[in-house]
Amino acid sequence: MAQAPGHDELHKPAVDWDRASVTPGIAHFGVGGFHRAHQAVYTDDLLAAGRDQDWGIIGIGTMPGDARMRDALAQQDHQYTVVVKHPDGQREARPIGSIIGYHHAPDDPEAVLALLEDPAIRIVSLTITEGGYHLHPTTGELDPSDPSLAHDIAGETPVRSVFGYLVEGLRRRRAAGTPPYTILSCDNLPGNGEIAERMICAFAELVDPELARWMRDEVSFPNCMVDRITPATTDADTAALREAGIDDAWPVVCEPFRQWVMEDKFTAGRPTWEAAGAQVVDDVGPYELMKLRLLNASHQAIAYLGHLDGHRYAHEVSSDQLYRDFLMGYMEQEATPTLPAVPGVDLVDYRQTLLDRFASPAISDPLARLAAEASDRIPKFLLPVIRANLTSGGPIDRSALVVAAWARYCEGTDEQGAPIDVVDRLAEPLMAAAARHDDDLLAFLRNEDLFGDLVDKARFTERYRELLGQLRTDGAHATVSRLVQDLS
C-alpha cells in the first residue's frame, strides 16, 4: 500500500465504479470478516466489471453485537477495504462496494422480513458458523433447545433466530405467490446445503408442517465449499491502513488464496460467479471433504498443540519443522486415505500449499481464533477421519493426539501455568470433564453428545489415554517429537 502524505488526506473507502445502478438480489446473514473477504469480493468483481448489476448484497445481523458492523458500514456508505497480505510482506488494499445496505434485525425485525419478502431477493446466503445450524453432533438431528429457536417455535414475536427469519420470509412469499429464494450456506460443514435443508425444514416442521412440505419441494439449498484464511482485524491493521490514507472503521485482512466451489442448483438464478473464478461442479462433496479434513482439521491440530507449546500464532507453529512433519503426516497418512477422488485437484500440491499458507507470517492468524468453538468443529472436521480409520484399520495416532491436546487445553492452564481462555458454548462442561483427568484420563471422551461411542473404541482410547498422559507430564513439544519419531 502506498504511503499517504499526511492524515489531512484521509478518505473513506470508495470504489472507482458506479454503484448507482446496482440493485439488491442477495440477502446475507452473518456479515463478518469471512463473508466480506470472500463472497462479497467475488460479487464485487462482477459488479465492478459491469456485470450482474441486480445482484447487490444486503447484509443482515441478528446478534446484539452486530450493531458494531451496522455502524461501521453505515458511516462509509457500506463500502470497506479488503487488505490482502502477501507472504513477502506486501499489502494490497482494495475497496469493496458489493454490500449496498445492512439491517440490524433487533432494531427493526419487520424491515428484515420485508426484505426477505421482496421478490428482488433471490438468494439468501449464510455465514452463521457451524453452531448456527443447531445440529446435534451425535444424532444429526435438529437441536431445538437454543432459546432463540424455542422462542420462534412457540410463535412468540418478534422473530429472533436466523431460522425464524428464513422460514417466516418463505411463508410470506408463499402466501403472496412469490417464488422462493435459494438458501445458500457458506459455512464449513460437510454437505452444508443438505444440512441447511434438513435443519431449516425440521425447524419449519415444528412451526408449520404444511409450509415445511412446500419448502422441501420448492426451495433449493446448494452445497458449496469456501476457503480463504481471514483472521480478525486488529487495531494495528486499521492503523496501517490509516497510514496509507484510508480511514476505514472496520477493514478486512486476508490471504491471497481464495476458493469457492458450488453446485449450480439455484431456484431463481444467481450471479455469474464463475466469471470471478468460482468453480461450478456437479458434486461439491469431494471438495468439501478435502477442505474440512485437510485444512480445517489441521487448523485444529495447530491450535491446541501450538498453544500448549507456547505459540500464539498459526505461522509460528507452521514454520516449525517438527509441526510441519506432524501436519504432513496427518494429512498424508490419516486424512487423505479417507477422501474420495477430487476432480482436478493434485492433493500432493494441495497439502504442500496448505502448509505454506499456514506459515505465512503476514497473516498472523491467532491460535485463539482457530481454537474457539471446538465443540462445533472437532466433531465435523476430525472425528469423521478417526471413525473412518477405525473402520478401515487405518492409523489414528496423530488424530488421537489432536483430540488429546483439545482435552489438555480444556484443563484451562498452559504448560507455563498461565490461564487458557476456553471460548466455547460448551466451555463449562468441557472444562469440568477435563478437571477429572487426574482420576480418569477418559473423562473428556465420555461426553456422548460430542463423541458418541468413541470412548468404547479400545484401539482409539488406548492411544488417546497414552498421549494425553504424555501431554500432561512431558508437554506438547516432547509428545509431538516422540510421536513423529515413532511413526517415521
Side-chain angles (χ1 to χ4, degrees), residues 12-60 69 73 76-84 92-103 115-116 118-127 179 181-187 192-193 220-228 230 248 251-282 284 287 344:
K12 294 291 185 182
V15 299
D16 60 2
W17 50 272
D18 184 11
R19 298 170 79 213
S21 62
V22 176
T23 57
I26 300 168
H28 182 82
F29 283 91
V31 180
F34 181 78
H35 169 72
R36 293 192 295 146
H38 191 270
Q39 182 190 356
V41 173
Y42 279 91
T43 306
D44 189 85
D45 285 345
L46 302 178
L47 299 178
R51 306 174 64 123
D52 299 317
Q53 300 292 291
D54 58 342
W55 287 105
I57 301 168
I58 305 292
I60 303 170
M69 183 64 71
L73 291 176
Q76 47 205 45
D77 194 24
H78 300 96
Q79 299 179 73
Y80 61 93
T81 311
V82 166
V83 179
V84 178
E92 177 187 353
R94 168 184 169 182
I96 300 297
S98 55
I99 297 177
I100 58 175
Y102 188 91
H103 290 294
L115 174 69
L116 298 178
D118 186 343
I121 298 300
R122 286 149 288 158
I123 295 173
V124 180
S125 51
L126 313 173
T127 47
Y181 38 70
T182 294
I183 296 178
L184 176 64
S185 169
C186 298
D187 284 295
N192 53 9
S220 291
F221 295 83
N223 290 307
C224 79
M225 182 271 266
V226 296
D227 189 7
R228 191 171 214 179
T230 310
D248 192 323
V252 184
V253 296
C254 60
E255 65 173 336
F257 181 93
R258 70 180 189 184
Q259 187 176 21
W260 195 3
V261 184
M262 70 184 74
E263 291 179 329
D264 198 2
K265 192 175 74 173
F266 291 77
T267 302
R270 61 169 177 82
T272 54
W273 281 311
E274 63 270 37
Q279 298 166 259
V280 180
V281 300
D282 293 332
V284 175
Y287 301 89

Hey, can you tell me if H35 and H28 have their rings parallel, tilted or perpendicular (30° and 60° cut-offs)?
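Because their plane-to-plane angle is under 30°, the rings of H35 and H28 count as parallel.
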I need the minimum non-hydrogen distance between [X] and [Y], along with the two atoms involved.
{"X": "L46", "Y": "A275", "result": "CD2-CB, 3.9 Å"}
{"X": "L47", "Y": "Q53", "result": "O-NE2, 3.2 Å"}
{"X": "S125", "Y": "I26", "result": "OG-CG2, 3.6 Å"}
{"X": "R19", "Y": "G97", "result": "NE-O, 3.0 Å"}
{"X": "C254", "Y": "T230", "result": "CB-OG1, 4.0 Å"}

Quick one: does N223's side chain get under 4.5 Å of E263's, heavy atoms only?
yes
Should F266 and R122 count as side-chain neighbours, where that means a heavy-atom distance under 4.5 Å?
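The answer is no, as the side chains (C-beta and beyond) never meet within the 4.5 Å cut-off.
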SB check D264 R270 (cutoff 4.0 Å):
yes
D248/R36 salt bridge by N-O under 4.0 Å criterion:
no
I would like to know whether C224 and N192 meet side chain to side chain contact (heavy atoms under 4.5 Å, CB included); could you show each step before the answer?
CA-CA 7 Å; C224 79; N192 53 9; 4.0 Å; yes
Can you name the side-chain contact (heavy atoms from CB on, under 4.5 Å) partners of D18, sequence neighbours left out?
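For D18, the residues satisfying side-chain contact (heavy atoms from CB on, under 4.5 Å) (neighbours in sequence not counted) are A20.
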If you apply the rule side chain to side chain contact (heavy atoms under 4.5 Å, CB included), what do you find for E274 with M262, and how did you get there?
CA-CA 9 Å; E274 63 270 37; M262 70 184 74; over 6 Å; no
